[in-house]
Amino acid sequence: MNTQDINKRIRLIMDLRNKGIVDTDVLSAIERVPRDEFVPAHSRDQAWEDMALPIGLGQTISQPFVVAKMTESLGVTDRDTILEIGTGCGYQCAVLSYLARRVYTIERHKYLQVDAEKRFEKLGLRNITAIAADGMKGWPVINGIKPEPYDKIIVTAAARSKPPQALIDQLKVGGKMIIPVGEPGAQILKLYKRESEEAYSVKDVMPVRFVPLLPDVSHEHNDVAVS
Ligand code: SAH
């Protein structure tokens, strides 16, 4: 890494601090993940700016501030098993992989999932399991094995009115889920806490702009996706 790159990283971290991110573990995870590896070649110059960028297939890599805020809100520890819905390019997942024990991530675009997995491998992130599936249904039963409930769930695409029931069902009692909820243009990031088998508390975190959660797996492929 050259001095210019190091300076860009430091500038981003200072920017996130100025915007109110205080968790130093979250800030250092963001500093460690090479965001330039997650964006298309033609956007590399902007990779360390605090902005969302297109990654192809009409999807985006989230703004670092939003990644930081979602991660900080969950209060991730190194004992946590996390479920992420909406892998995209894999950036948020990579940040989580430095903080959690294990991260399971689901993406509905097969092409994006394959690409993200290649990045995890290249970066040596071995505590991530990635699949292409419909994340609105939660982690599937694979070879007869039902997943254990998760400590934390993070959804990086917006639900129309409330979190999918399958995700609520897969959250541990005491666990937290962060998810954007609402119509396009009026989404609020919400933090759910499962207080007991039946009861939840909900807190509004901030207004956000995410692509919508969509059902089913897509095998669509186009040339503008991240290479
Ligand atoms: N986490 C990413 C941002 C992803 S953008 C980052 O770090 O930058 C949202 C992603 O959610 C898109 O890639 C979209 O294809 C995916 N998505 C939408 N609905 C989904 C579903 N039902 N299951 C899994 N992924 C879904």
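Each residue takes its place number in the sequence, starting with 1. First listed ligand is number 1; within each ligand, the first listed atom is number 1.
Put simply, the side chain of Glu72 gets close to the backbone of Asp23: a donor and an acceptor are under 3.5 Å apart. Proximity of a side-chain donor or acceptor of Asp50 to a complementary backbone N or O of Phe65 within less than 3.5 Å is detected. Judged purely by atom type and a 3.5 angstrom limit, Thr87 has no side-chain atom pairing as donor or acceptor with the backbone of Gly90. The main-chain N or O of Leu171 is found under 3.5 Å from a side-chain atom of Arg194 such that the two form a donor-acceptor pair.
With respect to atom 9 (C) of ligand 1, the closest heavy atom belonging to the protein is Thr156 O, 3.2 Å. Here the protein heavy atom with the shortest distance to atom 21 (C) of ligand 1 is Leu214 O, 3.5 Å. Of all protein heavy atoms, the one lying nearest to atom 8 (O) of ligand 1 is Ser62 N, 2.9 Å. For atom 13 (O) of ligand 1, the nearest non-hydrogen atom of the protein is Glu107 OE1, 2.7 Å. Protein heavy atom closest to atom 7 (O) of ligand 1, with residue, atom name and distance, is Gln92 N, 2.8 Å. In this structure, atom 24 (C) of ligand 1 lies nearest to the protein heavy atom Arg108 N, 3.3 Å.
Remark: Lys152 NZ to Leu83 CG distance equals 13.5 Å, nearest 0.5 Å. Asn7 contributes atom CG, which lies 12.5 Å from atom CG of Leu12 (distance to the nearest 0.5 angstrom). With rounding to the nearest 0.5 angstrom, the CZ atom of Arg119 is 9.0 Å from the CG atom of Leu123. Taken from CD in Glu84 to CD in Gln92, the straight-line distance is 5.5 Å, to the nearest 0.5 Å. To the nearest 0.5 Å, the span separating OG1 on Thr71 from CD1 on Ile30 amounts to 6.0 Å. With rounding to the nearest 0.5 Å, the separation of CG in Asp80 from OG1 in Thr77 is 3.5 Å.
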Candidate pair Tyr91 and Val33, rule side chain to side chain contact (heavy atoms under 4.5 Å, CB included), full reasoning: CA-CA 8 Å; Tyr91 179 68; Val33 177; 3.6 Å; yes

Gln113 vs Glu117, side-chain hydrogen bond (donor to acceptor under 3.5 Å, both in side chains): CA-CA, chis, key distance, verdict: CA-CA 6 Å; Gln113 180 258 326; Glu117 242 182 341; 2.9 Å; yes

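Ligand 1 places these atoms under 4.0 Å from at least one heavy atom of Glu84: 1 (N). If you number the atoms of ligand 1 from 1 as listed, the ones under 4.0 Å from a heavy atom of Tyr91 come out as 7 (O). The contact set between ligand 1 and Leu112, taken as ligand atoms under 4.0 Å from a residue heavy atom, comprises 13 (O). Listed by atom number, the atoms of ligand 1 under 4.0 Å from Ala133 heavy atoms are 23 (N), 24 (C). The ligand atoms of ligand 1 that sit less than 4.0 angstrom from a heavy atom of Ile61 are 8 (O). Near His109, the atoms of ligand 1 lying under 4.0 angstrom from a non-hydrogen atom of the residue are 15 (O). Counting atoms of ligand 1 from 1 in the listed order, those under 4.0 Å from a heavy atom of Val211 are 9 (C). Annotation for ligand 1: atoms under 4.0 Å from non-hydrogen atoms of Gly135 are 21 (C), 22 (N), 23 (N), 24 (C).
Using cut-offs of 30° and 60° for the angle between ring planes, the Phe120 and Phe38 rings count as tilted.
Ligand 1 lies nowhere less than 4.0 angstrom from a heavy atom belonging to Lys137. At least one heavy atom of Thr87 lies less than 4.0 angstrom from ligand 1. Ligand 1 is never approached by Pro215 to a heavy-atom distance shorter than 4.0 Å. The closest approach between any non-hydrogen atom of Ala94 and ligand 1 is not below 4.0 Å.
Looking at Ala157 against ligand 1, only its side chain comes within 4.0 Å, counting heavy atoms. In Gln59, the part holding a heavy atom less than 4.0 Å from any atom of ligand 1 is the side chain. At a heavy-atom distance under 4.0 Å, no atom of Ser218 approaches ligand 1. Under 4.0 Å from ligand 1, the heavy atoms of Pro212 that appear belong solely to its backbone. The backbone of Thr60, and not its side chain, has at least one atom closer than 4.0 Å to an atom of ligand 1 (non-hydrogen atoms only; backbone = N, CA, C, O).
Heavy-atom proximity to atom 11 (O) of ligand 1, evaluated over Gly86, Cys93, Gly90, Gly88, is greatest for Gly86.
A 4.5 Å side-chain heavy-atom check between Val39 and Gln46 finds every atom pair outside the cut-off.
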